[in-house]
Amino acid sequence: MTNFMYIFCLLVWGLNFIAVKIQGTPVSLELSLTYRLGLTAILFFILLCMLRPKGKPKKKDVPFIIVFGICNFALSYLCLYYATILSSAAMVTLIFSLKVILTPIALRVFLKEPLHSRILLGGIIGVLAVCIVIYPSLHDIHGFDDIKGIMMAVLGTILTALGDASSARNAREKVNPIYANVLGFAAGGILLAAIVFMQAVTIPTSITYLSALFYLTIFASFGAWLFYLKLVEKIGGAKSGYMVALFPAIGGIASVMIGESDPTIFLGAGCLFSCLGAAIALGFGMNIGKSNLKEEM
């Protein structure tokens with residue numbers, strides 16, 4: 001079951017931005033995201049009512065949970081949605097993998113957690129990967145949308161790192177993640193609902209849109225988050241985080257398969273370096289060595 005949950009999260013999140021690209025813009029991105037967050041909040045609320053877990057948040061925890069929801073789900077998702085439409089899903093997935101470097105930096109700044117030197121090395125390689133993929137578009141006079149998309153992706157990843165820091169603080173205070181997800185998704189959904197308040201509320205009926213919304217809500221938001229929480233519980237956060245290192249490869253291959261990106265040497269090298277940088281930042285080999293040593297002892 002553990003292997004199934006790991007592969008599920010790896011594939012579902014690795015294809016997340018491909019689904020956003022397929023969903024398209026028959027309505028505003030803000031409205032599409034409002035549907036996604038609202039439906040996910042309802043699903044987690046139903047789960048909460050069924051399980052009634054311990055670890056209820058206290059009043060002092062609520063502001064941090066709201067920050068977690070707004071940064072991780074509302075603003076970061078919105079930036080990444082725009083980045084995916086302006087640029088390519090492969091590029092956004094690649095940039096999002098820099099989360100494994102930016103999150104530890106945020107934890108260092110806000111929670112005073114130690115920052116390992118491997119984070120810097122992984123970050124340098126990750127930035128190099130982005131530069132490799134960006135390089136061909138610098139010679140394209142029509143590539144300004146790509147640059148805007150890249151900037152939005154970077155902003156979205158930074159916001160995700162801030163949300164991760166808030167989430168880590170909540171975990172320190174023993175707030176059950178199901179409570180945090182219910183309030184977080186609800187807070188993000190309410191913020192976006194306020195943004196789209198004056199828009200005409202319509203739900204596109206095309207199979208493409210509805211299937212992408214179903215995937216992003218049921219699989220990418222509810223199912224993957226639920227399985228990821230179980231993985232952290234079973235194998236720890238470090239090993240669970242290894243999947244992020246493979247997101248660029250999955251996103252890059254899928255982007256080529258749907259005809260969004262060309263299978264160039266720049267894309268291949270960028271995805272490879274991105275995976276390498278993320279793996280180094282996560283301490284992949286180091287942690288595996290420690291795990292093997294513990295097993296031998």
Task: Presence of salt bridge, Lys58 and Glu173, under 4.0 angstrom - done: no
Open item on the list: Restricting to non-hydrogen atoms, name the atom on Thr34 and the atom on Ala193 that form the minimum distance, rounded to 0.1 Å.
Closed with: OG1-N, 3.9 Å
Task: Carboxylate-amine/guanidinium proximity below 4.0 Å for Asp61 and Arg169 - done: yes
TODO: Might you confirm whether atom CZ of Phe273 has over 12 heavy atoms from other residues, nucleotides or ligands at distances under 6.0 Å?
DONE: no
Open item on the list: How close do Leu111 and Arg172 get, counting heavy atoms only, and between which atoms?
Closed with: O-NH2, 3.5 Å
Task: For Cys9 against Phe247, the heavy-atom pair lying closest together - done: O-CE2, 4.3 Å
Open item on the list: Just checking Phe73 against Phe68, ring centres under 6.0 Å apart?
Closed with: yes
- [ ] Using the rule that two of Ile, Leu, Val, Met, Phe, Trp, Tyr join whenever any of their side-chain heavy atoms come within less than 4.5 Å, decide whether Val12 and Leu47 are in one cluster.
- [x] yes
Task: Leu98 vs Val130 side-chain heavy atoms within contact, under 4.5 Å - done: yes
- [ ] To the nearest 0.5 angstrom, please state how far the OH atom of Tyr179 sits from the CZ atom of Phe45.
- [x] 10.5 Å
Open item on the list: Any non-hydrogen side-chain atom of Val27 less than 4.5 Å from a side-chain atom of Pro204?
Closed with: yes
Open item on the list: As an exercise, state the distance from CD1 of Ile250 to OG of Ser255, rounded to the nearest 0.5 Å.
Closed with: 13.5 Å
Open item on the list: I need the minimum non-hydrogen distance between Ala165 and Phe110, along with the two atoms involved.
Closed with: CB-CD1, 4.4 Å
Task: Single-linkage hydrophobic cluster Val127~Leu102, side-chain heavy atoms < 4.5 angstrom - done: no
- [ ] Might you work through the side chain to side chain contact (heavy atoms under 4.5 Å, CB included) test for Ile150 and Met91, ending with a clear yes or no?
- [x] CA-CA 8 Å; Ile150 290 164; Met91 175 68 77; 3.9 Å; yes
Task: Joint hydrophobic cluster, Ile253 plus Val20, side-chain heavy atoms closer than 4.5 Å - done: no
- [ ] Look only at the side chain of Ser166 and the backbone of Phe64, and say whether a donor-acceptor pair between them is shorter than 3.5 Å.
- [x] yes
- [ ] Considering only Ile, Leu, Val, Met, Phe, Trp and Tyr, and joining two whenever side-chain heavy atoms are under 4.5 Å apart, list the other residues clustered with Ile46.
- [x] Ile42, Met50
Task: Distance, nearest 0.5 Å, that separates CD1 of Ile65 from CG of Asn72 - done: 12.5 Å
Task: Whether over 12 other heavy atoms sit under 6.0 Å from Ile207 CD1 - done: no
Task: Ile265 with Ile132, same ILVMFWY side-chain cluster at under 4.5 Å - done: yes
TODO: Report the C-alpha distance between Leu37 and Leu192 in whole Å, list the side-chain angles of each, state the deciding distance to 0.1 Å, and finish with yes or no for side chain to side chain contact (heavy atoms under 4.5 Å, CB included).
DONE: CA-CA 9 Å; Leu37 298 188; Leu192 286 169; 3.5 Å; yes
TODO: Quick one: do Tyr81 and Arg36 satisfy side chain to side chain donor-acceptor pair (under 3.5 Å)? Show the steps, please.
DONE: CA-CA 12 Å; Tyr81 267 46; Arg36 176 182 176 180; 3.0 Å; yes
TODO: Side-chain contact test, heavy atoms from C-beta onward, threshold under 4.5 Å: evaluate it for Ile18 versus Thr93 and give yes or no.
DONE: no
Task: Aromatic contact, Tyr228 with Trp13 (centres under 6.0 Å) - done: yes
Task: Linked hydrophobic residues, Phe17 as query - side chain contacts closer than 4.5 Å - done: Leu80, Val92, Phe96
- [ ] For residues Ala90 and Gly252, report the shortest heavy-atom separation together with the two atoms involved.
- [x] CB-CA, 3.9 Å
Task: Side-chain donor/acceptor of Ser28 to backbone N/O of Leu31, under 3.5 Å - done: yes
Open item on the list: Has Ser167 got a side-chain atom pairing as donor or acceptor with Gly163's backbone, closer than 3.5 angstrom?
Closed with: no
- [ ] Find out whether Lys54 and Asn176 are in side-chain contact, i.e. whether some heavy atom of one side chain is under 4.5 Å from a heavy atom of the other.
- [x] no
Open item on the list: Between Leu216 and Thr40, is there a side-chain heavy-atom distance shorter than 4.5 Å?
Closed with: no
TODO: Would you please classify the geometry between the Phe4 ring and the Phe8 ring as parallel, tilted or perpendicular, with 30° and 60° separating the classes?
DONE: tilted
Task: From CA spacing to verdict: side chain to side chain donor-acceptor pair (under 3.5 Å), Ser274, Ser97 - done: CA-CA 7 Å; Ser274 180; Ser97 70; 2.7 Å; yes
Task: Distance (rounded to the nearest 0.5 Å) between Leu191 CG and Glu30 CD - done: 10.5 Å
Open item on the list: Which heavy atom of Val175 sits nearest to which heavy atom of Ala180, and what is that distance?
Closed with: CG1-CB, 4.4 Å
- [ ] Check whether any side-chain heavy atom of Ser76 sits under 4.5 Å from a side-chain heavy atom of Cys71, and report yes or no.
- [x] no
Open item on the list: If I take atom OG1 from residue Thr84 and atom CD1 from residue Ile22, how far apart are they, to the nearest 0.5 angstrom?
Closed with: 11.5 Å
Open item on the list: Rounded to the nearest 0.5 Å, what separates atom CD1 in Ile158 from atom SG in Cys79?
Closed with: 9.5 Å
TODO: Check whether any side-chain heavy atom of Leu15 lies under 4.5 Å from a side-chain heavy atom of Tyr215, and answer yes or no.
DONE: yes
Task: Polar contact flag, side-chain donor to acceptor under 3.5 angstrom, Tyr209-Ser32 - done: yes
Open item on the list: Please determine whether side chain to side chain contact (heavy atoms under 4.5 Å, CB included) holds for the pair Leu86 and Ile147, giving the CA-CA distance in whole Å, both sets of side-chain angles, and the decisive distance to 0.1 Å.
Closed with: CA-CA 8 Å; Leu86 290 168; Ile147 302 302; over 6 Å; no
- [ ] Please confirm whether the backbone N or O of Phe214 pairs with a side-chain atom of Thr217, one donor and one acceptor, at under 3.5 Å?
- [x] no
- [ ] Evaluate the side-chain proximity of Leu183 to Ile66: yes if any heavy-atom separation is below 4.5 Å, no if none is.
- [x] no
Open item on the list: Please tell me whether Leu29 and Leu33 are part of a single hydrophobic cluster in this structure, the criterion being side-chain heavy atoms less than 4.5 Å apart.
Closed with: yes
